[in-house]
Amino acid sequence: MAYFRPEIERMQGYVPGEQPQGGKFIKLNTNENPYPASPAVKQAIGAVLERGLARYPDPLGGAFRRRAGEVLGVDPDWILCGNGSDDILTIVTRALVGEHEWLRLPYPSYILYKTLGQLQGASAEEVAFERDWSLSEKFAAPRADLKLAFLPNPNSPSGTILRPERILELAERLPCPLLVDEAYADFAEWNCLSLVARSEKIMVSRTLSKSYALAGLRFGFLVAQPQLIREFVKVKDSYNVDALAIAGATAAIDDQAWLAANRAQILKTRGRLAEGMRRLGFATVESQANFVWNPHPEVPLRPLYEQLKANGILVRYMDYSGWGDGLRISVGTDDQIDACLTLLKTMI
Ligand SMILES: *Cc1c(COP(=O)(O)O)cnc(C)c1O
């Protein structure tokens, strides 16, 4: 076909984790929350449906910006709403990175960043994490036409986290803005939100998909200084968040008691999962997210993934060149984790 831009024909396209429809799997492969969202979400969405969907939604999701601003201690005009945080990453990339320019990301991390660069006709430079999952100065090195750096913190697949002071150092040296992807920050001991006021170059993205149990709703947001937000608004779809999502997300972020209780439960189960995996001989990495990364020094892991799947348990198998492979297992309910550990025990 001669219809497509060459960069589109050349690229692989991002492949998300398996999303089998229907309930036959214990799903521990895409870091969804195993518990139902705050009941306030259903109520808020119901109220919108009652009023009807004939009108366009608020283009900027003002209700969410105001409530999230209060909860997070930032001004509403520092917040940009997105159709999932993937939409936020897309908007930021489209706004900052042009054809033949560069973006930077750590390796191994979230593969989507690279795909977003390819869509722009740009190139991606991957800077390898150190063996202890720290990040060297190379991540901040100058480079011609480097327009954007991505840093997931906590990182996926490792679940490890860098300290805010380290991230500020790297950002100050970088010749371009740094997007800190905090998809998992609600499960961590600290986050980088307060850095946004200290440096125009630091932006923080969040999602309601994981910690608020709303992956199906599609809602994420960016926190950045308002002079940046104003430029990103020019790039986004006019109505990138729908009326149901705005109402549901606003109710979710309003219910901080639900978040705290859910987080406490997930962290408890995460500890049990990590301990159980280590007992099976995995070199499980200490996690600050709602999943754990499990390499194994001896056992081949792809067959384990296949066998788990054949027995109705879906985890993520990943193989990173230069790094080896591992199983990334999401923190499910205690029962789900017990089922997974029990099955693994029979296989190893
Ligand atoms: C899940 C995830 C996202 C995307 O979240 P959505 O809001 O569902 O689009 C972004 N970044 C990382 C690192 C993730 O793991």
Side-chain angles (χ1 to χ4, degrees), residues 14-19 27-34 37 41 61 64 68 79-94 103-117 119 124 126 129 133 135 148-162 167 178-188 191-192 203-223 236-237 240-242 244-246 248-249 252-253 259 266 270 285 287-293 314-316 318 320 326 328-332:
Y14 178 71
V15 183
E18 296 167 83
Q19 304 294 357
K27 221 176 149 297
L28 305 174
N29 68 329
T30 50
N31 304 338
E32 290 141 320
N33 203 300
V41 172
F64 178 84
I79 297 176
L80 176 73
C81 300
N83 181 29
S85 68
D86 286 351
D87 182 36
I88 293 293
L89 306 178
T90 300
I91 293 165
V92 169
T93 309
R94 286 175 65 196
L103 58 82
R104 183 175 285 161
L105 61 152
Y107 180 84
S109 76
Y110 194 38
I111 298 155
L112 178 71
Y113 308 137
K114 225 173 139 173
T115 310
L116 294 175
L119 285 170
E126 293 177 304
F129 276 108
W133 296 101
L135 201 50
L148 174 63
F150 284 107
L151 182 62
N153 200 56
N155 184 46
S156 173
S158 59
T160 52
I161 192 169
L162 302 179
I167 289 177
L178 172 65
L179 189 143
V180 184
D181 180 344
E182 293 198 335
Y184 301 104
D186 286 324
F187 303 107
N191 63 66
C192 291
M203 307 174 276
V204 167
S205 66
R206 294 272 178 94
T207 174
L208 274 69
S209 295
K210 279 75 182 235
S211 55
Y212 289 91
L214 289 171
L217 190 68
R218 311 306 304 134
F219 202 95
F221 61 98
L222 181 76
V223 182
K236 78 179 188 67
D237 288 352
N240 63 328
V241 284
D242 66 71
L244 300 176
I246 295 168
I253 204 156
L259 180 74
I266 296 283
R270 181 178 75 195
V285 179
S287 171
Q288 291 267 332
N290 67 334
F291 56 85
V292 289
W293 175 239
L314 210 48
V315 302
R316 194 82 179 256
M318 298 200 246
Y320 293 100
R328 195 191 69 187
I329 305 183
S330 308
V331 178

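FYI, side chains are in, hydrogens and waters are out, and symmetry mates aren't considered; it's all heavy atoms of this structure. Keep in mind it's a predicted model, so treat the numbers as computed, not measured. Every number for a ligand or one of its atoms is a count from 1 in the order of the listing.
The side-chain contact (heavy atoms from CB on, under 4.5 Å) test with R206 is passed by exactly one of L222, N191, V223: N191.
Set against the non-hydrogen atoms of D86, the atoms of ligand 1 under 4.0 Å away are 3 (C), 4 (C), 9 (O), 10 (C). When each atom of ligand 1 is checked for a heavy atom of G84 under 4.0 Å away, the hits are 7 (O), 9 (O).
Taking distance alone, with nitrogen or oxygen atoms compared against 3.5 Å, Y113 stays at or beyond that limit from ligand 1.
Going from atom OG of S85 over to atom CG of L179 covers 9.0 Å, rounded to the nearest 0.5 Å.
The shortest heavy-atom distance from G220 to ligand 1 is not under 4.0 Å.
Scanning the protein heavy atoms around atom 1 (C) of ligand 1, the nearest turns out to be K210 NZ, 1.2 Å. Considering only non-hydrogen protein atoms, atom 8 (O) of ligand 1 sits nearest to S209 OG, 2.6 Å. With hydrogens left out, the protein atom closest to atom 15 (O) of ligand 1 is Y184 OH, 2.5 Å, a heavy atom. Protein heavy atom closest to atom 9 (O) of ligand 1, with residue, atom name and distance, is R218 NH2, 2.8 Å.
Outside the 6.0 Å centre-distance limit, the rings of F187 and Y184 are not counted as a close aromatic pair. Note: F64 and F221 meet the aromatic proximity criterion, with ring centroids under 6.0 Å apart.
Using a 4.0 Å cut-off between heavy atoms, D181 contacts ligand 1 through its side chain alone, with no backbone atom that close. The parts of S85 lying near ligand 1 are both backbone and side chain, judged by heavy-atom distances below 4.0 Å.
Between T30 and K210, the shortest heavy-atom contact is O-CE, 4.1 Å. Taking every heavy atom of both residues into account, F219 and A245 meet most closely at CD1-O, 3.7 Å.
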Evaluate the side-chain hydrogen bond (donor to acceptor under 3.5 Å, both in side chains) criterion for residues S330 and N31: first the C-alpha distance (whole Å), next the side-chain angles of each, then the deciding distance (0.1 Å), finally the verdict.
CA-CA 5 Å; S330 308; N31 304 338; 2.7 Å; yes
